[in-house]
Amino acid sequence: MDSERECFDLSGPLYLTYVLWDNPYHRMSVAASLVQGAYILERDRQEKREGPNALAPPWWKFFHFQLLRPLLDDVDSSIFGAIYEFKPPSSQDNDTLYRSPRYVIAFRGTLTKSDSVSRDIALDIHFIRQGLHQTSRGGIAIQAVRNIVATIGDSNVWLAGHSLGSAMAMLTGKTMAKSGMFLESFLFNPPFVSAPIERIKDEKVKHGIRFVGSVITAGLTIAMQAKQPKDLSVDPFAALAAWVPCLFVNPSDHICSEYIGYFEHRRKMDEIGAGVIERLATQNSLGGLLMSAFGKESEPLHLIPSASVTVNVGPTHDFQDGHGIHQWWKPDLRLEHKLYTYK
């Protein structure tokens with residue numbers, strides 16, 4: 001089953017023979033396929049599949065990308081990402097090429113194979129503890145993106161990732177946004193550190209829990225700022241607001257589904273006149289505040305001001321399907337889309 005899913009000819013979007021780069025569905029499918037390419041690069045390394053036996057190349061060559069170089073982890077030498085360059089044939093007649101990227105930096109998520117699982121899980125824990133920005137893999141990813149942007153600017157560079165790879169793309173995207181460079185980003189099943197409130201069916205109960213959580217978080221934020229005075233007029237979200245990453249989430253996936261409630265709750269709080277409370281709460285996490293109280297640095301990557309959120313509302317068999325990268329290039333998806341901007 002694994003090798004079948006790794007083979008582009010058996011599970012890839014073979015129907016996408018002509019990419020309309022201004023079509024959101026096509027862009028999503030290509031970005032997801034390039035992330036899958038990063039996954040299979042590492043699987044090829046683990047299985048010692050080389051030359052004609054390698055399964056990774058079709059995942060990018062089908063869309064006229066070339067592998068510029070893989071990104072290697074300095075701890076276990078695993079491949080955690082890839083830098084692709086778009087090389088469309090000169091004979092191709094496509095008037096949407098102006099919307100295509102020149103480079104795509106894609107990051108894979110956790111692999112449960114023995115060669116890389118211990119390092120990947122260690123990084124998952126770093127993310128949960130809001131310390132991914134302090135890891136060497138995070139540093140390698142940021143430097144790789146900076147080098148590409150320094151060469152060609154930020155307008156033709158895409159970031160893409162799945163699961164842990166989405167967190168890595170979020171880290172690099174937020175880092176670049178703080179410098180005024182806003183990269184187009186495709187984040188598939190991005191992890192959100194929270195109790196799975198979105199799984200509660202009763203909307204009133206769900207809103208009540210989130211309301212109480214917002215009040216507590218905002219209160220702790222004010223208390224922390226009283227002990228460590230900061231200029232409350234400075235809004236750290238304001239500098240990031242122009243960066244609007246594309247988030248792709250599935251309600252059946254508890255790892256990412258909280259993003260649905262995160263943005264919808266912010267809208268509801270504005271509607272009931274509690275926007276001031278939510279502006280404080282939405283920028284802080286309880287875990288991060290507690291770490292700050294003990295003098296530890298944290299970076300809650302999952303908290304962002306703006307996003308384009310696409311939800312797969314079609315039937316999902318189980319968590320594995322809901323969290324899988326493969327869902328995002330299926331031709332018959334039922335998707336709902338909402339744009340959230342921070343004001």
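Worth knowing before you read on, the calculation uses all heavy atoms, side chains too, and leaves out hydrogens, waters and symmetry mates.
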Sub-3.5 Å donor-acceptor pair from the side chain of Y39 to the main-chain atoms of G109, do we have one?
yes
Is a salt bridge present between R43 and D115, judged by a nitrogen-to-oxygen distance below 4.0 Å?
no
Transitive ILVMFWY side-chain link V75 to L111, under 4.5 Å:
no
Once you round to the nearest 0.5 Å, how far does OG of S185 lie from CE of M170?
8.5 Å
Side chains of Q327 and N250: is there a donor and an acceptor less than 3.5 Å apart?
yes
List the atom of A38, the atom of A106, and the distance in Å for their closest heavy-atom pair.
CB-O, 4.1 Å
Is the ring centre of F192 less than 6.0 Å from the ring centre of Y262?
yes
What's the spacing between I83 CD1 and L67 CG if we round to 0.5 Å?
9.0 Å
Just do the side chain to side chain contact (heavy atoms under 4.5 Å, CB included) check on K48 and N53 with the steps written out, would you?
CA-CA 9 Å; K48 298 180 173 57; N53 295 319; over 6 Å; no
Does K174 reach the main-chain N or O of L303 with its side chain, forming a donor-acceptor pair under 3.5 Å?
yes
Got P315 and R334 here, is their nearest side-chain heavy-atom distance under 4.5 Å?
yes
Checking side chain to side chain contact (heavy atoms under 4.5 Å, CB included) for the pair L71/I105: CA distance, chi angles, key distance, verdict?
CA-CA 9 Å; L71 298 174; I105 301 101; 4.1 Å; yes
Please check this pair: side chain of T172 against backbone of M168, looking for a donor-acceptor N/O pair closer than 3.5 Å.
yes
If you count the non-hydrogen atoms of other residues, nucleotides and ligands that lie under 6.0 Å from NE2 in H317, is the total more than 12?
no
Decide whether I255 and L164 are clustered together by the hydrophobic rule: side chain heavy atoms of Ile, Leu, Val, Met, Phe, Trp, Tyr closer than 4.5 Å, transitively.
no
In terms of side-chain heavy atoms, does D321 have a donor or acceptor partner in T316 at a distance below 3.5 Å?
no
Which pair of heavy atoms, one from S306 and one from W243, lies closest together, and at what distance?
CB-O, 3.7 Å
Using side chain to side chain contact (heavy atoms under 4.5 Å, CB included), reason through L171 and F127 one step at a time and then give a plain yes or no.
CA-CA 10 Å; L171 170 63; F127 173 79; over 6 Å; no
Check this for me: does any side-chain nitrogen of one of R119 and D76 sit under 4.0 Å from a carboxylate oxygen of the other?
no
Measuring centre to centre across the rings, with the benzene-like ring taken for any Trp, is F62 within less than 6.0 Å of F8?
yes
Give a yes or no on whether the backbone of A31 and the side-chain of S33 come within a donor-acceptor separation of less than 3.5 Å.
no
So do the side chains of L183 and V149 get within less than 4.5 Å of each other, counting heavy atoms only?
yes
Quick one about T110 and D124 (side-chain donor to acceptor, distance below 3.5 Å, no hydrogens or angles considered), yes or no?
yes
How close do A167 and P191 get, counting heavy atoms only, and between which atoms?
CB-CG, 4.1 Å
Side chains of I260 and P251: does their closest heavy-atom pair fall under 4.5 Å?
yes
Should K87 and Q66 count as side-chain neighbours, where that means a heavy-atom distance under 4.5 Å?
yes
May I ask you to decide whether R137 forms a salt bridge with D73, counting only side-chain N to carboxylate O separations under 4.0 Å?
yes
So CG of D253 and CG of N312: to nearest 0.5 Å the spacing works out to 10.5 Å
Go through E47 and K113 one step at a time and tell me if the salt bridge (Lys or Arg N to Asp or Glu O under 4.0 Å) criterion holds.
CA-CA 10 Å; E47 297 296 324; K113 307 298 179 182; over 6 Å; no
Side-chain (W329) to main-chain (S11) donor-acceptor, under 3.5 angstrom
yes
If I compare all heavy atoms of W21 with all of P101, which pair ends up nearest, and what's the gap?
CZ3-CD, 3.7 Å
Contact between L240 and Y342 at the side-chain level, heavy atoms closer than 4.5 Å - yes or no?
no
Supply the atom-to-atom distance Q130 CD to L132 CG, rounded to the nearest 0.5 angstrom.
11.0 Å
Which pair of non-hydrogen atoms, one from W59 and one from P13, has the smallest distance, and what is that distance?
CZ3-CD, 4.2 Å
S136/D74 under side-chain hydrogen bond (donor to acceptor under 3.5 Å, both in side chains): CA gap, chis, key distance, verdict
CA-CA 7 Å; S136 58; D74 64 333; 2.7 Å; yes
So, E85 and R69, do they make that salt bridge, N to O below 4.0 Å?
no
Hey, can you tell me if H254 and F319 have their rings parallel, tilted or perpendicular (30° and 60° cut-offs)?
parallel
Kindly indicate whether the side chain of V309, heavy atoms from C-beta on, has any atom under 4.5 Å from the side chain of H337.
no
Check whether F263 and V313 end up in the same hydrophobic cluster, where Ile, Leu, Val, Met, Phe, Trp and Tyr are linked by side-chain heavy atoms less than 4.5 Å apart.
yes
4.5 Å side-chain heavy-atom contact, L20 and R99:
no
Among I40, V104, V30, L41, exactly one meets side-chain contact (heavy atoms from CB on, under 4.5 Å) together with W60. Which residue is that?
L41
CD1 of I125 to CG of D120, rounded to nearest 0.5 Å, is 11.5 Å
If hydrophobic clusters are built by linking Ile, Leu, Val, Met, Phe, Trp and Tyr wherever their side-chain heavy atoms come under 4.5 Å apart, do L55 and L10 end up in the same one?
no
Flag yes if more than 12 heavy atoms outside D93 fall under 6.0 Å of its CG atom; otherwise flag no.
no
What distance separates H162 NE2 from F248 CZ, expressed to the nearest 0.5 Å?
12.0 Å
Group every Ile, Leu, Val, Met, Phe, Trp and Tyr by side-chain heavy-atom contacts under 4.5 Å, then state whether V244 and V249 land in the same group.
no
Distance-only, no hydrogens or angles: does the H326 side chain make a donor-acceptor pair with backbone N or O of R5 under 3.5 Å?
yes
Any sub-3.5 Å donor-acceptor pair from S166's side-chain atoms to F188's backbone N or O?
yes
Between N94 and V19 (side chain of the first, backbone of the second, donor and acceptor by atom type, cut-off under 3.5 Å), is there such a pair?
yes
Correct closest heavy-atom pair for P190 and C256 would be O-CB, 3.0 Å
E42 side chain vs I79 backbone, donor-acceptor pair below 3.5 Å:
yes
Kindly list each side-chain donor-acceptor pair under 3.5 angstrom involving residues 150-161, sequence neighbours excluded, with atom names and distances?
{"unit_1": "T151", "atom_1": "OG1", "unit_2": "N147", "atom_2": "O", "d": "2.9"}
{"unit_1": "D154", "atom_1": "OD2", "unit_2": "F182", "atom_2": "N", "d": "3.2"}

Is S163 close to F107 at the side-chain level, that is, under 4.5 Å between some pair of heavy atoms?
no
Does either side chain, that of N189 or that of W328, offer a donor lying less than 3.5 Å from an acceptor on the other one?
yes
